[in-house]
Each structure stands twice: as C-alpha cells, then as structure tokens.
Amino acid sequence: MSVVKQIKPLVTKALKELYNFDVDEDDLTINITKPEFEGDYTLVLFSFVKTLKKSPEVIGKELGDLLTAQHATIFHSYNVIKGFLNLTITNDYWINFLQTNFLAVHFGKKEPNGITVVVEYSSPNTNKPLHLGHLRNIFLGWSATEILKANGYEVFKTCVANDRGIHICKSMLGYQKFGDSATPKSTNVKGDHFVGDYYVQFEQVYKEQVKDLVSSGVNEEEAKKEAPMMKEAQKMLHDWEQGEPEVLTLWKKMNEWVYQGFDETYKRIGNEFDKVYYESDTYIIGKRFVEEGLQKGVFFKKQDGSVCIDLTADGLDEKLVLRKDGTSLYITQDLGLADEKYKDFQYNESFYVIADEQNYHMNVLKLILQKLKKPYADGIYHLSYGLVELPTGRMKTREGNVVDADDIMDEMVSVAAKHTEELGKVKDFSEAELKELYDIIGLGALRFFLLRVDPKKKMIFNPEESIDFHGFTGPFVQYTHARIKSILRKGKADPTYKLGSNELLPGEKELIVLLEQYPVMLEQAAEEHNPSVLAIYAFTVAKTYNTFYAEHSVMNAESADKKQLRLQLSEMTANVISSAMHLLGINVPERM
RNA sequence: GGCCCCGUAGCUCAAUUGAAUAGAGCAUCUGACUACGGAUCAGAAGGUUUCAGGUUUGAAUCCUGACGGGGUCACCA
C-alpha cells in the first residue's frame, strides 16, 4: 500500500483524537512536498481552520506532535510552514520498501477485480491506408487496454471494419476504370496502399467533372451530385446492396487486399484484436432497436415513414434513427453493435476510442440506449481524443497532406538506425538483432511521441521534433534502461543482503520516493483512461535516475552497504521503467 | 446562429477534485567524459497563465463577460 494511503487513516484518526473532528479520507489533501521545503509529503491544513477555530500553525503542531509520537516507524519529523504540515518519512520506511519490492516484476499491478471491459478502437475504412491519426487511435486503444488489465480488469479488444458504403465504392470504381486488372502482387504495392491509390484517382477525376459542370453553369451542390463518377458510385452502392454478384466479387477481392495490408501494419506494431466486427454484417442489425423503440414509445414514426427520437428535452436535437426507405444509418448500426457486443462479452463497461469530432454522436448513442433502459447503457464510455494536426494545420486526404502510417514508421526506424550506427555501441549485433533494435527504438519513439500528450487534447505532430531522440522522448527512457542494464551485467543486487539503517542521500531518496508512487500512477492512468500519465512518469523516473547516476557510483560505491542499496535501486528503476513502457506498448532494450 | 471544447515560456507539452515562488523538453547561451554507456549531466536565460471583472484565507484551475481558435448541429460515416 502506498505511503499516502497509509498516512490518510492515521491523520483522520489523529484529528478525531485531538479535536473529535470527523473527516473523510478523500477530503484530505496530501501532496509531495515541494523541493524548497523540508519533508516528503505535505498535508494541507487550511480546510480544517474554519471548523476547528484554530490557526493552521497550531493545528499543524498538534497534529505533527501526535503523529510522530504515535507512529515513529513512519514519521521521522515534521515542520509547519503557513498552512502546510510537512512530514518527513523515516529512512527505515523507504529502505524497507526498496528491499521488499526491488525484484517485484508485478509491482503496482492488481489482482482481478471481476469487471469486464470491451475496448473498441482503430475501426478504419477499408478504402485507404492508415495514417497518423489512426496510429494515435490504435496506440491509445492498445495502451488503455493494457493499463486496465494491469489494474485487474478483464479486457477484450474489438474493432469495426467500415467495409461498406459510398467511400468503398469510390475506390472500387476507380479500380474498375483505371485498374487494368493489376493486383498488389503484380505491382508489388502493399494492398491497402494499392486500393487507396484508386480512391485518390476517383477523387481526382470526380473533382474535374464537378469543375466542368460548374463552369458550364451548374451550381456546385448540384454538380457534386450530378457528376457522372458520383452517379456511377451510387449505382454501384445500390448494386452492392442488391447483392449483384460481380460487384460483390470485386468488393471482396479489394477488401481482402486492404486487410492484408492492415495486417502487415498491425503485426509490425504488435496489435491484434479479440474480435473484429464488419459493418457489412452490422449495418442491418440496428433495425430491431427501431421496433423496440417504437413499441416503448421512445421513438416516433413520421408521416414519410422515417423514424426519429426527440432529444430536445435533454438539450440535444431531434435525431433520425431510420431512413424513410427503411435503411439503417450510422447511429442505427451503432445501437445494434452495442447489443451485439454485449451478447458476445457481457461487458460491464464499453469503451469507444473515437476522435472528439464525434462527441455529439456518442452522447446521442449513450442517451438513446439509456432511454431504452439497456442494462449496459451506463457503462458506455467515449474515450474521446483530439485529432493529430500538422504544423501546417489539419490533415486532409483531399489536400494530400496526410502523414501515412507506414511511411512515418519507416522514417522513424531509419532515423533510429542512423543514430545507432553513428554511436557505434552495438557493433557486435547480428543483422537480425540490429533490425529488431531499430524497430524497438524507432517505433518506441513514435509511440511515446503520440502517447505522451493527454488524449483529450488535440496535438501537433511536428516531423522535425518527432525524430529528435533527446529529452522527453521514448529513446531517452530506453537509453536509461539500457544504461542500468549495463551496470547490472557487472553486478547484481544480493536479495539476501540486509540493508542497514542507511543515511539516504538526496539523490537516492528522491528516486525511492518516486518509485514508490508507481502503483498510484498506474491507478490514475486507469481512472483517467490516460496513458500519458505513465509516459510522463517513466520520463521523470529516467531523468531522476540519470541525475542519481551522474552523482553517485554504483559499482564503486563508498561502502558495501551503499553498493547494495544502489544496485537494488538500479534494479527497481529498470523494472518500473520497463513495466510502464510496456503498458504503453514500448519495448526497452538491454543495449542500444 | 444553438450546443461543446480549447487559449500556459519563441515552439511542443505538464500542473484543472482550488494550495507554497506555474513545471518539463526542444531551441538559445555557459560548463562537465583518467567513476559504472555523453541518445547523458550541471547551470543560465525565458511567464501580466488571451483580456476584464467576480467568488475565496488562497485561482492557470470555479463563476460572468469579451476576444481569438477548433469541433458539431446530414435521410454521410
């Protein structure tokens, strides 16, 4: 149990004893003591002043006296400055903590809690390759899953392939017209890129057609509808829905190419799903909901036959849930899919990793399910994340300023290779070992870059900054790990050695205090659904270790006791860094 | 226009259940390898937290208003 969690009941007990004052533990504010003051943890006293009618200085002194007297094994000393009670924890406590945990590989992780969560992420369209935005989504979904697992949840990863619709028909039509029966194999192009190229060709020709129509006097809106390419695409969509064999064959063939491409990318970043849903299957299943909603009086039918729900009382709008021709919409499918997933996994919570432009949609989805009194409705959580933008602004496929996922990965890996070669520290590595190392560093850098920012916030991807492997980056943390491992190859901590009541030096203590917080960080990351908590933490640990490393020698320590202490510290730092990084999906090398 | 989100160092980001002098990294400048890995470390400089009010012992954080930016309001997904 963390120190803070141990301290809180002691404080509430002391307040009761001293003043017969009842406080909820959650109402106590206990922070890390600022470095400019003496102490480890600080209790903020201001909130007691009013009810106790005593000055914070007096409360602090009385509380400090009692705590140090009653719990001398935990509290070494205290001081009061203004309204802050600064508590110093005993060295014995810290040393004991280190000694019992430094080899614990599962440090901070929790036992199963019986809660089942489904996380849906990635969910790409099958008409073009993945881009940087997908990577943020995938890394987030993957990491959120791992963090939940580490906190005791049972988690299933799912994905919806958006494999049907007008956008798919566009690339199909592009291929039909310009494909000349080429294949990814015959052209040696990765399947998803191959298909994406025809989507681009479609858009180009279509754009020309619209331009011609506009210049011949048609208004733009009309032109966009009437352009021959669009007409054809819509006909194809219709044919697809009618089950036209020729269209279906082409559709299957092209989707298969895309999936092969996606699989290659997923494999490279170590991603896999427990279950993939296909929109071509799910787009029908929402209709049952419409029936149910009508019966319950939650939905209403309009004169033209379309079905709506009135959400104005909840501050939202009127929302259409079924077209007048009886076909499903996006929201209809999502209703059905929620149910389907519930059947498959009996989840307590269902996460949707979807960009924040769909906040409204997700609000509507949850609200409708709540109105239908679905048992799983309250467990729906939109893990909303901000878009990745470039320094030049938002990425737009049509304007061609999209950072392709495969390209950026290649670039990061090649930068990693270049740096590694320049430094020449792993000259004895085999070809295969080098390849693996470059992937670990390059992809680790990319992952760290995308995960270090609070998911809720939009982020700017600066290509120049992303290939800098110094400072607040994945390689910095990896490097620290490799350096520790280098020491540990020279000497190991002896688990049977009993550390004495060491005077802890500031650099040593700072590190122990930080390591002790890992379980709290892990909890916070899960509660906030925020992997950046761990990225920032891992960086802080690495930085603190590097400072410690520069100040103190491990192998040539002043005494045998110090050497053991520092070996244990090193061992634990490596474990915690490795653990935190793995939860981000980042591997840490032994050497680099 | 309605609703939602955002505005912190030159740049990218922390700190938002209110707490001490708002922290990092990059970039800039100055230092450190005859101690275990220099993808490192130490230091300097850099701020009216967009602005104006308000609540509070205490505000980047909460409230009101203004300004600036983004998203959304499809019988698209």
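In what follows, chains are A, B, ... by sequence order, proteins preceding strands, each numbered from 1. Values below: all heavy atoms of this structure, side chains included; hydrogens, waters and symmetry mates excluded.
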Which value, in whole Å, describes the distance between the [atom1] atoms of nucleotides [N] and [M]?
N	M	atom1	value
B:G2	B:A20	P	38 Å
B:U55	B:U61	P	15 Å
B:A22	B:C26	P	22 Å
B:C67	B:G53	C1'	15 Å
B:C75	B:U50	C1'	42 Å
B:A45	B:U30	P	15 Å
B:G25	B:A14	P	15 Å

At 4.0 Å (heavy atoms only), tell me whether [X] reaches a base, stays on the sugar-phosphate, or touches nothing.
X	value
A:Ser532	nothing
A:Phe539	sugar-phosphate
A:Ile460	sugar-phosphate
A:Asp27	nothing
A:Met459	sugar-phosphate

Could you report the tightest heavy-atom contact between A:Gln517 and A:Tyr537, atom names first, then the distance?
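Closest approach of A:Gln517 to A:Tyr537, heavy atoms only: C-OH, 4.3 Å.
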Cationic tip of A:Lys128 within the cone over A:Tyr199's six-membered ring, i.e. under 6.0 Å and within 45° of the normal?
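Yes.
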Would you kindly check if the NZ (Lys) or CZ (Arg) of A:Arg164 is within the cone defined by 45 degrees around the ring axis of A:Tyr283 and under 6.0 Å from the six-membered ring centre?
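Pair A:Arg164/A:Tyr283 counts as cation-pi.
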Ring stacking, A:Phe472 with base of B:A24, under 5.5 Å and under 30°?
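So A:Phe472 does not count as stacking on the base.
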Comparing A:Ser486 and A:Pro455 on RNA chain B - which has the more 5′ nearest nucleotide:
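On the 5' side of the pair lies A:Pro455.
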Return the 5'-most residue of the pair A:Ala550, A:Arg164 with respect to RNA chain B, ranking by each residue's nearest nucleotide.
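Nearer the 5' end of the strand: A:Ala550.
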For atom CZ of A:Arg566 and atom C1' of B:A35, their distance in whole Å:
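Rounded to whole Å, this separation is 11 Å.
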Is it true that a side-chain atom of A:Asp317 and a backbone atom of A:Lys319 form a donor plus acceptor pair closer than 3.5 Å?
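Between the backbone of A:Lys319 and the side chain of A:Asp317 there is no qualifying donor-acceptor contact (under 3.5 Å).
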Hey, is A:Glu357 close enough to A:Arg394 for a salt bridge, meaning N to O under 4.0 Å?
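Looking at A:Arg394 together with A:Glu357, the answer is yes, because their closest N to O distance falls below 4.0 Å.
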When you measure only distances, ignoring hydrogens and angles, does the side chain of A:Ser306 come within 3.5 Å of the base of B:C75 through a donor and an acceptor?
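Answer is yes: a donor-acceptor pair is held.
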Writing each nucleotide of RNA chain B 5' to 3' as (, ), [, ], | or . by Watson-Crick or G-U pairing under 3.5 Å yields (((((((..((((.....[...)))).(((((.......))))).....(((((..]....))))))))))))....
